[in-house]
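Reviewing the structure listed below.
The residues of the chain are indexed from 1 along the displayed sequence. Note that ligands are numbered from 1 as they come in the structure, with each ligand's atoms numbered from 1 the same way. Not measured: the values here are computed from a predicted model.
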Amino acid sequence: MATVAFIGLGNMGLPMAQNILKAGHRVIGFDIGAANMDAARAAGLKTAAGAGDAAAAADAIVTMLPAGQHVRQVYLGDGGLVARARPGTLMIDSSTIDVEAARAVIASAEAVGHAMLDAPVSGGTGGAAAGTLTFMVGGAEQAFERARPLLECMGKTIVHAGGPGTGQAAKICNNMILGISMIAVSEAFALADKLGLDRQRLFDISSKSSGQCWSLTSYCPVPGPVPTSPANRDYQAGFTAEMMLKDLKLAQQAAQAVGASTPLGAEAAQLYQLFVGSGQGKLDFSGIIQMLKGH
Ligand code: NAD
């Protein structure tokens, strides 16, 4: 049994922490939100007065925070995790953040003798609760092997992507494919409608043809062809448009930093910005078809 500090007990963090607890470890949680701390205690977690206090008693630390600025502050701020943890502590940041921040925080942690990984996830709150998340992990091989048993408490697929920051790189590249492909599939269904082509027929043909992709076959943005897709429940999320926009912006930030040309990624970010700006940010990201249809 290890003692694990878990910082950031929100929609994803709390169920992930609960799965570590269920696997037989001791979990000490911290979140700045009082309601999140109450929920954590109700779920059987121990809590600490601050992130540093939780870290000081831990063999390993997992963080699940909103964005890069929170991760920098929690790890590197006054009395933060890097300063308060015992030497050699294993640190795993599972937040989705910019590659640059991930690399900077890992370098600072390693400089004082900790082992640290960036390990963003896909699978959403359903995957977090079920313990079936996919972890995309960046960092040293030795740290990855040390982290694997802990990650297996929370996820089903654990992939080592490469050196520091490559977990975040994998996450934003994957979600850039997803954002672009969802727009492509949505445009095709909108055009088919206007051309008098039945949506089920388009699905039957394209799902067996070269247009086949996950946005079409698993997450079809029109009701009917894929009964489990959010289109069948008024685009209730799922994966919100707001979150898709966050990841597309991170991809653009990374592309600019390294001079990569991503014109469709840029266009997808702009379209999701428009959709979220029109007040639809909490809808599932596949709801963008409504905007593309002019609704
Ligand atoms: P959330 O807002 O529900 O949880 C984040 C938590 O961090 C909040 O409870 C907040 O109070 C806490 N927090 C913020 N600053 C803190 C600090 N200084 N110290 C301690 N706690 C602090 O968000 P979430 O949905 O759980 O997402 C967390 C991360 O996971 C994000 O980076 C998100 O992009 C990523 N992610 C989310 C999903 C999803 O479906 N929700 C899927 C994949 C990845």
Side-chain angles (χ1 to χ4, degrees), residues 5-19 27-41 43 45 47-55 58 61-84 91-99 101-102 105 118-137 151 154-157 167-168 170-172 174-176 178-179 219 230 236-251 253 272 276 281-286:
F6 205 111
I7 316 300
L9 302 164
N11 294 325
M12 295 290 289
L14 181 56
M16 289 165 71
Q18 283 178 272
N19 281 329
V27 183
I28 308 175
F30 176 72
D31 192 292
I32 48 169
N36 299 73
M37 290 287 268
D38 290 342
R41 281 187 285 265
L45 268 68
T47 54
D53 295 327
I61 301 171
V62 183
T63 49
M64 196 52 171
L65 298 161
Q69 82 239 36
H70 308 93
V71 172
R72 282 184 192 265
Q73 192 239 320
V74 167
Y75 278 89
L76 306 179
D78 261 0
L81 303 179
V82 167
R84 292 287 308 278
M91 301 173 161
I92 303 171
D93 178 42
S94 283
S95 328
T96 302
I97 67 170
D98 53 294
V99 175
V105 175
D118 55 301
V121 301
S122 78
T125 51
T132 56
L133 293 169
T134 294
F135 283 89
M136 297 154 247
V137 189
L151 298 176
M154 303 178 276
K156 204 168 67 174
T157 308
Q168 299 295 348
K171 167 91 185 174
I172 57 175
N174 179 72
N175 282 12
M176 188 174 81
L178 178 61
Y219 219 77
Q236 205 190 323
F239 184 58
T240 63
E242 239 167 40
M243 289 204 161
M244 174 52 81
L245 177 60
K246 174 191 169 182
D247 293 356
L248 288 170
K249 282 182 173 171
L250 287 174
Q253 187 183 336
Y272 274 100
V276 170
K282 301 286 178 212
L283 277 192
D284 188 79
F285 79 107
S286 60

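For the atom pair CD1 of Ile61 and CE of Met91, the computed distance is 4.0 Å after rounding to the nearest 0.5 Å.
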Practice prompt. Carefully, step by step, assess Leu9 and Leu45 under the rule side chain to side chain contact (heavy atoms under 4.5 Å, CB included).
Written response: CA-CA 10 Å; Leu9 302 164; Leu45 268 68; 4.0 Å; yes

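Counting only N and O atoms by type, the side chains of Asp93 and Tyr75 include no donor and acceptor under 3.5 Å apart.
Taking both residues in full, the closest heavy atoms of Ala102 and Gln168 are given as CB-CG, 3.9 Å, listed atom of the first, atom of the second, then distance.
Nearest protein heavy-atom contact of atom 18 (N) of ligand 1 is Val74 CG2, 3.3 Å. Protein heavy atom closest to atom 33 (C) of ligand 1, with residue, atom name and distance, is Lys246 NZ, 3.7 Å. In this structure, the protein non-hydrogen atom closest to atom 9 (O) of ligand 1 is Asp31 OD2, 2.7 Å. Of the protein's heavy atoms, Gly10 CA, 3.4 Å lies nearest to atom 4 (O) of ligand 1. Closest to atom 28 (C) of ligand 1 among all protein heavy atoms lies Leu65 O, 3.8 Å. Looking from atom 19 (N) of ligand 1 to the surrounding protein, the closest heavy atom is Ile32 CG2, 3.7 Å. Taking atom 41 (N) of ligand 1 as the reference point, the nearest protein heavy-atom neighbour is Met243 CE, 3.3 Å. When hydrogens are left out, the protein atom nearest atom 40 (O) of ligand 1 is Gly124 CA, 3.5 Å; that is the closest non-hydrogen contact.
Residue Asp247 has no N or O atom closer than 3.5 Å to an N or O atom of ligand 1. At a 3.5 angstrom cut-off on N or O pairs, Ser122 does not count as close to ligand 1. Between Met12 and ligand 1, at least one pair of N/O atoms sits closer than 3.5 Å. Polar contact check, Gly238 against ligand 1: no nitrogen or oxygen pair lies under 3.5 Å apart. Distances between N or O atoms of Asn11 and those of ligand 1 include at least one value under 3.5 Å. Residue Val121 has no nitrogen or oxygen atom sitting less than 3.5 Å from a nitrogen or oxygen atom of ligand 1, judged on distance alone.
At least one heavy atom of Phe30 lies less than 4.0 angstrom from ligand 1.
The presence of a protein heavy atom under 4.0 Å from atom 11 (O) of ligand 1 is confirmed.
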